[in-house]
Amino acid sequence: MALNPDELAAIIAGDIPPYSYVNLGIGRPTRVADHLTPGSGVVLHTENGMLNMGPAATGEQVDTDLTNAGKQPVTELPGASYFHHADSFMMMRGGHLDVCVLGAFQVAANGDLANWHTGEADAIPAVGGAMDLAIGARQVFVLMSLFDKQGRPKLVPECTQPLTGLACVSRVYTELAVFDVGPGGAVVRDTFGITVDGLRERLDVPLSVL
Amino acid sequence: MALNPDELAAIIAGDIPPYSYVNLGIGRPTRVADHLTPGSGVVLHTENGMLNMGPAATGEQVDTDLTNAGKQPVTELPGASYFHHADSFMMMRGGHLDVCVLGAFQVAANGDLANWHTGEADAIPAVGGAMDLAIGARQVFVLMSLFDKQGRPKLVPECTQPLTGLACVSRVYTELAVFDVGPGGAVVRDTFGITVDGLRERLDVPLSVL
Amino acid sequence: MSQVQHLDSVDEAVAGIEDGSTVLVGGFGLAGMPFDLIDGLIRQGATDLTIVCNNAGNGEVGLAALLQAGRVRKVICSFPRQSDSYVFDALYRAGRVELEVVPQGNLAERMRAAGAGIGGFYSPTAVGTMLAEGKETRTIDGRDYLLELPIRGDVALVSAHRADRMGNLVYRKTARNFGPVMATAAETTIVQVHEVVPTGELDPEAVVTPGIFVDRVVRVAPRHYTVQGAR
Amino acid sequence: MSQVQHLDSVDEAVAGIEDGSTVLVGGFGLAGMPFDLIDGLIRQGATDLTIVCNNAGNGEVGLAALLQAGRVRKVICSFPRQSDSYVFDALYRAGRVELEVVPQGNLAERMRAAGAGIGGFYSPTAVGTMLAEGKETRTIDGRDYLLELPIRGDVALVSAHRADRMGNLVYRKTARNFGPVMATAAETTIVQVHEVVPTGELDPEAVVTPGIFVDRVVRVAPRHYTVQGAR
């Protein structure tokens, strides 16, 4: 059976090595946090200037001076630290984050990422920290649906939408399968309710198997 | 009468505008601090990571974690702040210091500075923060004797010793005279026990008068 | 020379900002947004401004209000489009405001470069993307980089938590964000704070922005607003 | 992966440093010098080292002792010659150690660049001097700059004041100096501290080096020594 977003987030959380420093992108990747156990030692970074970010703030906890990269109110865990934006992006761009999890419009088999601009003529471009994260984290995981709303594959031979970063994604998590991507092309690590041949029928990308 | 080093330091202190941020170089320039009154509002920067440095520490005040750029023990004034070396040199190189006072081997009439390397073949070169200060502070004052031990002028048409910075000095304080230097050449601002013509006889530099 | 001015009103704090200025505006979304200074800037009347800010305004307050007032010629930011950036969106689609999108890390680092006297730097971000267009690419030690140039402000508007009389600043939580970087990168740095304490009361080890980077300080009342997404 | 290791001894803390390593050594003169880690490195035996440090050792302790032990191939520093740098002076004059003199601001900024993923930067310092030889000069916006490249360490040895269990660090006064910069610029950052406190005891607003930059921590006793020039 295809996985639901929550099941997929749980799988990603399980794949993040203990004690990693991790940045979770805005939107669906945020859900990965719900599946990280305190015992994992994983430390969350938010690019607006904090390490050891805690869960979403509720009720009385809400503090307008304490938000995540999606501008939602969050909490602080013991051992947290605050820093300014240049220092925060130094962590990202200097290769100090172990993992980031991003959403995507398209990922190419070689790891190219498109996740910031739809490419439509009237779209207002907004990149935020996506390009910095894409090239900065040691491992970039993508969490996305395998097909867009029109049914077109989002794992592609070559991105047709504007790129966020070159050859930067290492793994792609989708509801039907998990892939490694990179110089060796796309490799199927796991499938959910579909065979590898079933994937091959629906994708234009050569697939090897782990 | 020619001024003694203490009188000269007092004159420099008097020329520093109130509330300036000032860095005093190692050695003789340090003495300028003794003539700055608390009411002047002048804030001393030391490049090893501190603003609002206080006077030399004595006796019980000595703290091995609190030194000036000459590695001598100093004290902290109210309103002090500590920062790391990259931030400290950001202040210098980014043009945030109003004045620095440096020693010199030679200053050229156009403001070129030589104060880090004797040029002797067997000298061990040591530049420290001199080149950063020279190009960073908004005004660079030099405090030096007008002649070296061999009696040669240290205010020169062109530096013969290795340069610290190009056209960076704005004023030169010596025991016999104070000069402005820069694109317009050397200008005598003040003399002590010598006439301008007396200076002209002893220097190879064309002198105008303020 | 560099004496920090403690002003009694926001209007005095923003006095003298000229038409055509580049204004660095702190804040990430609403956190750290210098609302009062922006309101003062609207009253002050300077126009034809270039605004450098991470976002392009939320709702109808702060930067959105400045945009709505028609004072902004150009916005340099990383993330203009948000759920409540309708003021900017409408102006942009009407061709009434220019937009330069800069990756967030480059935005921060370019302002730091201005504050640090760095003439330019090679950044790993945006290589091979459409944001690399027109930029010099250089391979150093086997990796490709883009040359990025400093962003300087004529003015920075910053919100901090607490200042002392010398202009030393501390911030609160993630409201710190761009404030300390922008304070270094502008000719005149104007700061709104919630509290001014006597000199000597801030821990010298914990000062985030030393007073050397601060020109004017004004105390304002904390503002209460609703955070989007609060559950 | 990144779990900070809290070690019981200095010898464990410096284990595995390889011959030929580039070692960033904190401290400005004696303030912030990681004496115990350097002593440990001498016992550990790694040789053919490149040392990056502001100075080249004082008296016969710390870096001077490492030099004396013959383990150093090259020193990269801003200010080798001091009143009590006789160990370095003798080795240098004997041709037994290489020296690269780097202006102090470039030294700090080049390590920051390594830590920040910057491929290189244009520095205003040293233009037109003999330290500009062999470096690219570029005019940007009417001012001349030199291209400076990052300095990366295999290892950084840093002395801080206090750590928590997550490796967050605070420093004391001007002993902070190069520590926070070097911690970002090395593959493995090893820190000696005077105290380890439970996680949550350091003020999150006042952490100077977040634990993300720290790999190993060892507690050592404060060392008492005489400061030159103390009156």
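Bear in mind that the values here come from a model prediction, so they are computed numbers and not experimental data.
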K.L.:
How far apart are the closest heavy atoms of B:F89 and D:G105, and which atoms are they?
P.N.:
CD2-CA, 3.2 Å
K.L.:
Can you name the closest pair of heavy atoms from B:G128 and D:F79 and give their distance?
P.N.:
N-CD1, 3.4 Å
K.L.:
Side chain to side chain contact (heavy atoms under 4.5 Å, CB included), that's the test. Do D:K173 and B:E76 meet it? Break it down for me.
P.N.:
CA-CA 9 Å; D:K173 302 188 184 286; B:E76 164 189 308; 2.8 Å; yes
K.L.:
Look up atom CH2 in B:W116 and atom CG in D:L131, then write down how far apart they are to the nearest 0.5 Å.
P.N.:
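Going from CH2 on B:W116 over to CG on D:L131, the span is 4.0 Å.
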K.L.:
Under a 4.5 Å heavy-atom cut-off, does chain B meet the side chain of D:N54, its backbone, both or neither?
P.N.:
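The answer is the side chain of D:N54.
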K.L.:
Side chain, backbone, both or neither: which part of D:R110 has a non-hydrogen atom closer than 4.5 Å to chain B?
P.N.:
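Neither part; nothing is under 4.5 Å.
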K.L.:
How close do B:I135 and D:T125 get, counting heavy atoms only, and between which atoms?
P.N.:
CD1-OG1, 3.7 Å
K.L.:
Checking D:V208 against chain B: side chain, backbone, both or neither under 4.5 Å from a heavy atom?
P.N.:
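For D:V208, neither part sits under 4.5 Å from chain B.
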K.L.:
Under a 4.5 Å heavy-atom cut-off, does chain D meet the side chain of B:S81, its backbone, both or neither?
P.N.:
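For B:S81, there is no contact with chain D at all, as no heavy atom is under 4.5 Å.
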K.L.:
ring-ring contact (aromatic ring centres under 6.0 Å, His included) between B:H85 and D:F28: does it pass, once the steps are laid out?
P.N.:
CA-CA 10 Å; B:H85 246 82; D:F28 182 86; 5.6 Å; yes
K.L.:
In Å, rounded to the nearest 0.5 Å, how long is the span from CG of B:L163 to CE of D:M130?
P.N.:
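Between atom CG of B:L163 and atom CE of D:M130 there are 10.5 Å.
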K.L.:
Given the options D:D144, D:L107, D:V181, which has more heavy-atom pairs under 4.5 Å with chain B than any of the others?
P.N.:
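Of D:D144, D:L107, D:V181, D:V181 has the most heavy-atom pairs under 4.5 Å with chain B.
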K.L.:
Side chain, backbone, both or neither: which part of B:Q61 has an atom under 4.5 Å from a heavy atom of chain D?
P.N.:
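It is neither, since no heavy atom gets under 4.5 Å.
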K.L.:
Chain B heavy atoms under 4.5 Å from D:L99: which part of the residue, side chain, backbone, both or neither?
P.N.:
side chain
K.L.:
Roughly how far, to the nearest 0.5 Å, is the OG1 atom of D:T129 from the NE2 atom of B:H117?
P.N.:
10.5 Å
K.L.:
Just checking B:E158: does its CD atom have more than 12 heavy atoms from other residues, nucleotides or ligands closer to it than 6.0 angstrom?
P.N.:
no
K.L.:
Take atom CZ in D:R143; do more than 12 heavy atoms of anything else shown fall under 6.0 Å from it?
P.N.:
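Yes, enclosed.
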K.L.:
Under the 3.5 angstrom rule, does the side chain of D:T174 hit a backbone N or O of B:T67 as a donor-acceptor pair?
P.N.:
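It does hold such a pair.
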K.L.:
Taking all non-hydrogen atoms of both residues, which atom of D:V101 and which atom of B:V127 are closest, and how far apart?
P.N.:
CG1-CG1, 3.5 Å
K.L.:
Please check: side-chain N/O of B:R93 versus main-chain N/O of D:S123, any donor-acceptor pairing under 3.5 Å?
P.N.:
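No: the side chain of B:R93 does not pair with the backbone of D:S123.
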K.L.:
Side chain, backbone, both or neither: which part of D:N106 has a heavy atom under 4.5 Å from chain B?
P.N.:
both
K.L.:
Is there a side-chain contact between B:M131 and D:V127 in this structure, where contact means two heavy atoms from C-beta onward sitting under 4.5 Å apart?
P.N.:
no
K.L.:
At a heavy-atom separation under 4.5 Å, does D:F178 approach chain B through its side chain, its backbone, both, or neither?
P.N.:
both
K.L.:
Heavy-atom distance under 4.5 Å to chain B: side chain of D:Y171, backbone, both or neither?
P.N.:
neither
K.L.:
Check the surroundings of atom CD in D:E98: do more than 12 heavy atoms from other residues, nucleotides or ligands lie under 6.0 Å from it?
P.N.:
yes
K.L.:
What's the shortest heavy-atom distance between B:D132 and D:Q104, and which atoms?
P.N.:
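Here B:D132 and D:Q104 meet closest at OD2-N, 3.4 Å.
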K.L.:
Supply the atom-to-atom distance D:T184 OG1 to B:H84 NE2, rounded to the nearest 0.5 angstrom.
P.N.:
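Rounded to the nearest 0.5 Å, the OG1-NE2 separation comes out at 8.0 Å.
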K.L.:
Do you know which of D:A132, D:P103, D:G29 has the most heavy-atom pairs under 4.5 Å to chain B?
P.N.:
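Most heavy-atom pairs within the cutoff with chain B belong to D:P103.
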K.L.:
Identify the heavy atoms of D:R93 and B:D122 that sit nearest to each other, and give their distance.
P.N.:
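Between these two residues, the closest heavy atoms are NH1-O, 2.5 Å.
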K.L.:
Other residues, nucleotides and ligands only: do more than 12 of their heavy atoms fall within 6.0 Å of CG on D:D141?
P.N.:
no
K.L.:
Heavy-atom distance under 4.5 Å to chain D: side chain of B:N68, backbone, both or neither?
P.N.:
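Only the backbone of B:N68 comes within 4.5 Å of chain D.
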K.L.:
Any idea which of D:P124, D:A126, D:S85 has the most non-hydrogen atom pairs under 4.5 angstrom with chain B?
P.N.:
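Heavy-atom pair counts peak at D:P124.
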K.L.:
Report yes or no: does D:R112 contribute a side-chain atom to a donor-acceptor pair with the main-chain N or O of B:A86 at less than 3.5 Å?
P.N.:
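Side chain of D:R112 to backbone of B:A86, a donor-acceptor pair under 3.5 Å: no, none is there.
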K.L.:
Taking everything shown except B:Q150 itself, do over 12 heavy atoms lie less than 6.0 Å from its CD?
P.N.:
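Atom CD in B:Q150 is crowded, with more than 12 foreign heavy atoms closer than 6.0 Å.
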K.L.:
Would you mind checking if B:D65 and D:R176 are paired as a salt bridge, meaning a charged N to carboxylate O distance below 4.0 Å?
P.N.:
no
K.L.:
So does D:R219 have more than 12 non-hydrogen atoms from other groups sitting under 6.0 Å from CZ?
P.N.:
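Atom CZ in D:R219 is not packed in, count stays at 12 or less.
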